[in-house]
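The chains referred to below are lettered A, B, ... by the order of the sequence lines, with proteins before strands, and numbering in each begins at 1.
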Amino acid sequence: MSMAKLNPKGASADARATGAQLLAWYDRHHRSLPWRLPPARIAAGERPDPYRVWLSEIMLQQTTVQAVKPYFETFTSRWPSVRALAGAPGDDIMKVWAGLGYYSRARNLKKCAEAVVERFGGEFPADLDLLKSLPGIGDYTAAAIAAIAFDRPVAVVDGNVERVATRLRSIATPLPAAKPQIRAFVQSILPAARPGDFAQATMDLGATICTPRRPACALCPVNGDCLAFLGDEPERFPVKAPKAEKPKRLGAAFVAQRNDGAILLRKRPETGLLGGMSEPPTSGWTSRQDGEPGLEAAPFEAEWEPAGMVGHVFTHFELRLSVYRANIDRAAPDGCWWSAAADIHSEALPTVMKKAIEAAIPGATLKPVQNRQQRRN
DNA sequence: TACACGTGGGT
DNA sequence: TACCCAAGTGT
């Protein structure tokens, strides 16, 4: 059992050994991911494409690898470079991002791509502060890009690393207050070489071994250095502040369908919840519990029929949406448009809005079978 | 510092 | 079921 003691330079022999062990583990057990260059190719002198590193890091913010994979494939196929993305219409980006959540990321994605083209000639900067000056890039993402894409020796601290670090050092300070301690510790075990591989090694360890619940400590390459493991309660870390209760809100959605199957949509304001995304007309979402929002919130008079209730859980509140449906044939009101039946699936509809449309018109948001229109052409 | 900001999977 | 959680950022 080795208790690491920091020397005046900030890194003990044990700490350095921890970093080296993580790298050795990564060489054997790294995950194979679409945006990742495996350690053997890094060792051979290759570097990953900074565009792909950036795009993957933005998508992976608060989002699982599994959810990101198909979106990353779609984005890189459609927009293979930051210049291509910068030239894309913002609405197209929102449509392709639809379903991935945290839509400010998609709005900032275009802003950032444009800034890279205008300010840096289409090449991502390697400098931490320049990276952080770009929209959507904060402390974590700047460090990740600098380390992974540009081989800069910086500490990369995400949720995985926070978990690994608080366990290794038995840091009982609740998050986020513990962040400075965590950063200092990660800095102390940072190897002299391979900062990008080291960052990904620590994240892979957190994702596959040092998991939030039931960590596989027996398989951990650094369990001999882990104070939480030696103290027999790794799951105690990290300590987090208690979460606030989720309020419940009520609202209504109005799904109007034209005789040819088109559905009436509008665009939400550019900022705020689901900003810049599309929706069928909805009421405001209130916290009152004295009854469901009713027809007074409808976009126009029609024979609105109840079409059920949709529940959806956002990060900070729960929503129950009363869905109404009407078949009408009229011009779209100001700010709205009729979206053809064949186009609904590719609109910038957040998941909650797809749920509402599905409640009113089952199958309406699914991708139509490719044939009829094609045959006519 | 604290809160707003999505979604889907795991237990 | 209810809660937790995931490669965080912006305000």
Chemist: For B/dT1 versus C/dT9, give the span between their C1' atoms, rounded off to a whole number of Å.
Modeler: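 It comes out at 15 Å once rounded to the nearest Å.
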
Chemist: Would you classify A/Val161 as touching base, sugar-phosphate or nothing, given that sugar-phosphate means primed atoms plus P, OP1 and OP2, and contacts are heavy atoms under 4.0 Å?
Modeler: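 It contacts nothing in the nucleic acid.
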
Chemist: Ignoring backbone atoms, test whether A/Arg31 places a side-chain nitrogen or oxygen under 4.0 Å from the OP1 or OP2 oxygen of C/dA7.
Modeler: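 It does not, given that no N or O in the side chain of A/Arg31 lies less than 4.0 Å from OP1 or OP2 of C/dA7.
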
Chemist: Is the shortest side-chain N/O distance from A/His316 to OP1 or OP2 of B/dC5 below 4.0 Å?
Modeler: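 The answer is yes; a side-chain N or O of A/His316 sits under 4.0 Å from OP1 or OP2.
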
Chemist: Rounding to an integer number of Å, can you tell me how far A/Glu162 CD sits from C/dG8 P?
Modeler: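 My rounded result for the distance is 8 Å.
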
Chemist: Let me know, please, whether A/Leu349 or A/Ala177 comes out on the 5' side of the other along DNA chain B by nearest nucleotide.
Modeler: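 Result: A/Ala177.
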
Chemist: Looking at A/Arg249 and A/Trp285, would you say the former's side chain and the latter's main chain have a donor-acceptor pair under 3.5 Å?
Modeler: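 Between the backbone of A/Trp285 and the side chain of A/Arg249 there is no qualifying donor-acceptor contact (under 3.5 Å).
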
Chemist: Which whole number of Å gives the distance between the P atom of C/dT1 and that of B/dG6?
Modeler: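 C/dT1 and B/dG6 have their P atoms separated by 25 Å.
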
Chemist: Please pick, from B/dT7, B/dG6, C/dA7, the nucleotide with the shortest atom-to-atom distance to any side-chain atom of A/Leu33.
Modeler: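 Nucleotide nearest to A/Leu33's side chain: C/dA7.
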
Chemist: Would you please name every residue forming a salt bridge (charged side-chain N to carboxylate O under 4.0 Å, His left out) with A/Glu301, sequence neighbours left out?
Modeler: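 Salt bridge (charged side-chain N to carboxylate O under 4.0 Å, His left out) list for A/Glu301, sorted by chain: empty.
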
Chemist: Rounded to the nearest Å, what distance is computed from the CG atom of residue A/Leu175 to the C1' atom of nucleotide C/dA6?
Modeler: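 Taking atom C1' of C/dA6 as the reference, CG of A/Leu175 is at 14 Å.
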
Chemist: Are the side chain of A/Arg163 and the backbone of A/Cys210 linked by a donor-acceptor contact shorter than 3.5 Å?
Modeler: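 Judged by distance alone, yes, a pair lies under 3.5 Å.
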
Chemist: Taking side chain as C-beta onward, heavy atoms only, is A/Arg194 less than 4.5 Å from A/Ile42?
Modeler: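 Not in contact.
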
Chemist: For a ring-ring contact (aromatic ring centres under 6.0 Å, His included) check, start with the C-alpha distance between A/His316 and A/Phe314, then their side-chain angles and the critical distance, and finish with the verdict.
Modeler: CA-CA 6 Å; A/His316 52 298; A/Phe314 293 92; 7.3 Å; no

Chemist: Heavy atoms under 4.0 Å, any strand shown: does A/Gly206 hit a base, just sugar-phosphate, or nothing?
Modeler: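 If one applies the 4.0 Å heavy-atom cut-off, A/Gly206 turns out to touch nothing in the nucleic acid.
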
Chemist: Whole Å only: how far is the CG atom of A/Leu274 from the P atom of B/dA4?
Modeler: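 Those two atoms, CG and P, are 15 Å apart.
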
Chemist: Would you please classify the geometry between the A/Tyr324 ring and the A/Phe254 ring as parallel, tilted or perpendicular, with 30° and 60° separating the classes?
Modeler: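 A/Phe254 and A/Tyr324: parallel rings.
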
Chemist: Is it the case that A/Gln61 and A/Arg105 place a side-chain donor and acceptor less than 3.5 Å from each other?
Modeler: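 Looking only at side-chain atoms, A/Arg105 and A/Gln61 do not form any donor-acceptor pair under 3.5 Å.
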
Chemist: Would you indicate, yes or no, if C/dC3 has its OP1 or OP2 atom less than 4.0 angstrom from a side-chain nitrogen or oxygen of A/Lys246?
Modeler: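 Result: no.
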
Chemist: Please state the C1' separation for the pair C/dC5 and B/dC5 - nearest whole angstrom.
Modeler: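 Between the two C1' atoms, the distance is 16 Å.
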
Chemist: Is a salt bridge present between A/Asp204 and A/Arg36, judged by a nitrogen-to-oxygen distance below 4.0 Å?
Modeler: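 Yes, this pair counts.
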
Chemist: Using whole Å, what does the distance between atom C1' of nucleotide C/dA6 and atom CD1 of A/Ile58 come to?
Modeler: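 Checked: the CD1 to C1' distance equals 15 Å.
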
Chemist: Choose from B/dC5, B/dT7, C/dA6 the nucleotide whose nearest atom is closest to any side-chain atom of A/Tyr103.
Modeler: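 When the side chain of A/Tyr103 is considered, B/dT7 is the closest of B/dC5, B/dT7, C/dA6.
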
Chemist: Which protein N or O atoms sit under 3.5 Å from an N or O of nucleotides 8-11 of chain B?
Modeler:
none

Chemist: Provide a list of protein-nucleic acid N or O atom pairs under 3.5 angstrom, restricted to nucleotides 9-11 of chain C.
Modeler:
from: C/dT9; atom 1: OP1; to: A/Gly138; atom 2: N; distance (Å): 2.9
from: C/dT9; atom 1: OP1; to: A/Gly138; atom 2: O; distance (Å): 3.4
from: C/dT9; atom 1: OP1; to: A/Thr141; atom 2: N; distance (Å): 2.9
from: C/dT9; atom 1: OP1; to: A/Thr141; atom 2: OG1; distance (Å): 2.8
from: C/dT9; atom 1: OP2; to: A/Asp139; atom 2: N; distance (Å): 3.4
from: C/dT9; atom 1: OP2; to: A/Tyr140; atom 2: N; distance (Å): 3.2
from: C/dG10; atom 1: OP1; to: A/Gly136; atom 2: N; distance (Å): 2.5

Chemist: Kindly point out which of B/dG6, C/dA7, B/dT7 is positioned nearest to the side chain of A/Asp204?
Modeler: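 The nucleotide sitting nearest to the side chain is C/dA7.
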
Chemist: With heavy atoms under 4.0 Å as the rule, sort A/Trp97 into base, sugar-phosphate or nothing.
Modeler: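 Result for A/Trp97 = nothing.
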
Chemist: Go through the side-chain N and O atoms of A/Glu358 and A/Thr365 and say whether any donor and acceptor fall under 3.5 Å apart.
Modeler: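 On atom types as modelled, these side chains qualify, holding a pair under 3.5 Å.
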
Chemist: To the nearest Å, give me how far apart CZ (A/Phe314) and P (C/dA2) are.
Modeler: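 These atoms are roughly 19 Å apart.
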
Chemist: Send over the distance from A/Phe72 CZ to C/dA6 C1', rounded to a whole Å.
Modeler: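 Distance, rounded to whole Å: 18 Å.
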
Chemist: Give a yes or no answer on whether the side chain of A/Lys110 reaches the backbone of A/Ala86 with a donor-acceptor pair at less than 3.5 Å.
Modeler: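 Yes.
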
Chemist: How many Å lie between CE on A/Met353 and C1' on B/dT7, as a whole number?
Modeler: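 After rounding, the gap between these two atoms is 14 Å.
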
